[in-house]
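Okay, so here's the structure we're looking at.
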Amino acid sequence: MCGFEVLRNKMVDEQIAARGITDEAVLEALRRVPRHEFVPKEAVDLAYKDCPVAIGEGQTISQPFMVALMTQCLGLNKSKRVLEIGTGSGYQTAILAELCYEVCSIERIKALADAARQRLGKLNYTNVKIFHGDGSLGGAESPQLFDAIMVTAASPGRLEHLIIELAPEGRLVVPIGDRASQTLKLFTKSQGRILEESVCSCAFVPLIGEYGWPSAPTNNFSGGTH
Ligand code: SAH
């Protein structure tokens, strides 16, 4: 077994499974995806640590536990189409791609979108489409509804564009709050109603855009639990 695989399995056992993530498919996806390929070369030592990592452009790859928790919330299988808002490094995108039929992911910073597209292509993910744009407006020019939507940046809570794009019984997971701290929320569309659950407190970089926040002050370490 190579060194990274040992570290990855340790990460899953000690940081993810030990902290209550029970969905076997999610745990297996985390064991497969080479997280060290998604962090900058100089931060490779942090790839399997219990923390978010800076990926440039003032953005972060989320803490592994948060990736696992948000993914588990969506209850995915190979028939589902997922919209992700905030591609960042593309790591969360890869985890989603392991578990569902197709992932559309939107990133507002072009350099990150281009790098993630290239990285995911190199790793042979063929069920992923990366778009550059404002994901707060919703989805990826898709004529179809999404079975699940994940927002990986902090939203002020204006979700109308996203709720419209959610299929019946669809799930939306999103951190909502102010710029400094948020609550991770899970919304489920059920018989025309929207059910809302609070999952945990968290801290993400802000969602910048028309239905997000107006601009981006520097925020170094986000995308983790408090
Ligand atoms: N899921 C990512 C975490 C990225 S951090 C990963 O695994 O690496 C959140 C990302 O959301 C940042 O890259 C940021 O640029 C992006 N973002 C912020 N506002 C956005 C918006 N309105 N539309 C799309 N992406 C946005």
Side-chain angles (χ1 to χ4, degrees), residues 11 26 29-30 33-40 43 46-49 51-71 73-74 82-99 103-120 123 125 128-142 148-162 165 173-176 179 182 184 202-225:
M11 171 191 88
V26 172
L30 279 137
V33 177
R35 188 171 157 92
H36 60 278
E37 301 278 357
F38 293 83
V39 300
L46 298 176
Y48 296 103
K49 298 268 195 290
C51 59
V53 179
I55 56 170
E57 310 284 341
Q59 308 302 321
T60 53
I61 175 174
S62 303
Q63 178 195 27
F65 176 74
M66 187 52 74
V67 171
L69 180 64
M70 291 176 82
T71 308
C73 282
L74 294 181
V82 181
L83 173 64
E84 179 193 29
I85 295 164
T87 316
S89 66
Y91 175 69
Q92 173 74 77
T93 321
I95 297 288
L96 294 170
E98 293 274 341
L99 295 167
V103 191
C104 293
S105 185
I106 312 177
E107 169 57 53
R108 73 173 264 277
I109 299 176
K110 187 165 185 307
L112 293 179
D114 290 345
R117 193 182 295 114
Q118 201 181 24
R119 195 174 284 131
L120 291 163
L123 292 169
Y125 285 100
V128 166
K129 291 182 189 149
I130 308 285
F131 298 84
H132 170 229
D134 178 4
S136 76
L137 294 166
E141 298 152 21
S142 174
I149 301 178
M150 179 185 289
V151 183
T152 69
S155 164
R158 299 181 61 195
L159 303 174
E160 51 273 32
H161 281 74
L162 303 183
E165 297 194 326
V173 68
V174 51
I176 296 182
R179 296 178 86 117
Q182 308 90 35
L184 188 67
C202 54
F204 280 79
V205 293
L207 181 76
I208 306 295
E210 184 134 354
Y211 289 86
W213 302 96
S215 66
T218 312
N219 186 347
N220 284 329
F221 283 98
S222 317
T225 44

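Computed from a predicted structure; not experimentally measured. Numbering of ligands and ligand atoms starts at 1, following listing order. What you see below is based on every heavy atom in this structure, not just the backbone, and it leaves out hydrogens, waters and symmetry mates.
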Exercise for review: Nearest 0.5 Å please: distance from the OH atom of Tyr48 over to the CG atom of Leu30.
Suggested key: 10.0 Å
Review point. Say you draw a straight line from OG1 of Thr93 to CD1 of Ile106; how long is it, rounded to the nearest 0.5 Å?
Key: 11.5 Å
Practice item. Return the residue, atom name and 0.1 Å-rounded distance of the protein heavy atom closest to atom 23 (N) of ligand 1. Key: Gly135 N, 2.8 Å
Review point. Under 4.0 angstrom from ligand 1, any heavy atom of Thr87?
Key: yes
**Study point:** Contact with ligand 1 for Gly212, non-hydrogen, under 4.0 angstrom
**Key:** no
**Study point:** Heavy-atom pair of closest approach, residues Gly209 and Ser136
**Key:** C-OG, 3.7 Å
Point to revise | Minimum-distance protein heavy atom relative to atom 14 (C) of ligand 1 | key: Gln59 OE1, 3.3 Å
Practice item. Mark yes or no for whether Asp134, through its side chain, and Arg108, through its backbone, hold a donor-acceptor pair below 3.5 Å. Key: no
Practice item. Tell me which one of Arg108, His132, Glu210 gets a heavy atom nearest to atom 26 (C) of ligand 1. Key: Arg108
Exercise for review: Check each atom of ligand 1 against the heavy atoms of Val205 and keep those under 4.0 Å away; list them by number with element.
Suggested key: 5 (S), 9 (C)
Exercise for review: Please name the pair of heavy atoms, one in Ser89 and one in Arg119, separated by the smallest distance, quoted to 0.1 Å.
Suggested key: O-NH1, 2.7 Å
Exercise for review: Identify, by atom number and element, the atoms of ligand 1 in contact range of Ser136, meaning under 4.0 Å from any of its heavy atoms.
Suggested key: 22 (N)
**Study point:** Distance, nearest 0.5 Å, that separates CE of Met150 from CG of Leu96
**Key:** 4.5 Å
**Study point:** Counterpart residues, ring-ring contact (aromatic ring centres under 6.0 Å, His included), relative to Tyr125 (two or more places apart)
**Key:** none
Review point. Can you tell me if Glu84 and Thr152 form a side-chain donor-acceptor pair at under 3.5 Å?
Key: no
Point to revise | OG on Ser155 to CD1 on Ile208, rounded to 0.5 Å | key: 11.0 Å
Practice item. Using distance alone, decide if ligand 1 has a nitrogen or oxygen within less than 3.5 Å of any nitrogen or oxygen in Ile208. Key: yes
Practice item. Around atom 4 (C) of ligand 1, find the nearest protein heavy atom and jot down its residue, atom name and distance. Key: Thr60 O, 3.1 Å
Exercise for review: Would you mind finding which of Gly86, Ser89, Gly88 brings a heavy atom closest to atom 8 (O) of ligand 1?
Suggested key: Ser89
**Study point:** Numbered atoms of ligand 1 (with element) below 4.0 Å of Gly133, judged on heavy atoms
**Key:** 23 (N), 24 (C)
Point to revise | ligand 1-proximal atoms of Leu112, by part, heavy-atom distance under 4.0 Å | key: side chain
Review point. Which residue holds the protein heavy atom closest to atom 7 (O) of ligand 1, what is that atom called, and what is the gap in Å?
Key: Gln92 N, 3.3 Å
Check your understanding: side chain to side chain contact (heavy atoms under 4.5 Å, CB included) with Glu57: which residues, sequence neighbours excluded?
Key -> Gln59, Ile109, Ala111, Leu112
Practice item. Report the part of Thr152 (side chain from C-beta onward, or backbone N, CA, C, O) that has a heavy atom under 4.0 Å from ligand 1; answer both or neither where that applies. Key: both
Point to revise | Interfacing atoms of ligand 1 (cut-off 4.0 Å, heavy-atom, Ile109) | key: 15 (O)
Practice item. Determine, step by step, whether Thr87 and His132 satisfy the side-chain contact (heavy atoms from CB on, under 4.5 Å) criterion, reporting the C-alpha distance in whole Å, the side-chain angles of both residues, the deciding distance to 0.1 Å, and the verdict. Key: CA-CA 9 Å; Thr87 316; His132 170 229; over 6 Å; no
Check your understanding: Is a donor on one side and an acceptor on the other found under 3.5 Å between the side chain of Glu107 and the backbone of Gly88?
Key -> yes
Review point. Based purely on interatomic distance, does Leu207 place a nitrogen or oxygen under 3.5 Å from a nitrogen or oxygen of ligand 1?
Key: no
Point to revise | Element-labelled atoms of ligand 1 that are located less than 4.0 Å from some non-hydrogen atom of Ile106 | key: 24 (C), 25 (N)
Practice item. Please work out whether any backbone atom (N, CA, C, O) or any side-chain heavy atom from C-beta onward of Glu57 is under 4.0 Å from ligand 1, and answer side chain, backbone, both or neither. Key: neither
Check your understanding: What is the nearest protein non-hydrogen atom to atom 18 (C) of ligand 1, stated with its residue, atom name and distance?
Key -> Pro206 O, 3.5 Å
Check your understanding: For atom 15 (O) of ligand 1, which protein heavy atom lies nearest, and how many Å away is it?
Key -> Glu107 OE2, 2.6 Å
Exercise for review: Say whether Asp134, considering both its backbone and side-chain N or O atoms, lies within less than 3.5 Å of an N or O atom on ligand 1.
Suggested key: yes
Practice item. Give the atoms of ligand 1, by number and element, whose distance to some non-hydrogen atom of Glu84 is under 4.0 Å. Key: 1 (N)
Review point. Any idea how Phe38 and Tyr91 line up, ring-wise: parallel (<30°), tilted (30 to 60°), or perpendicular (>60°)?
Key: perpendicular
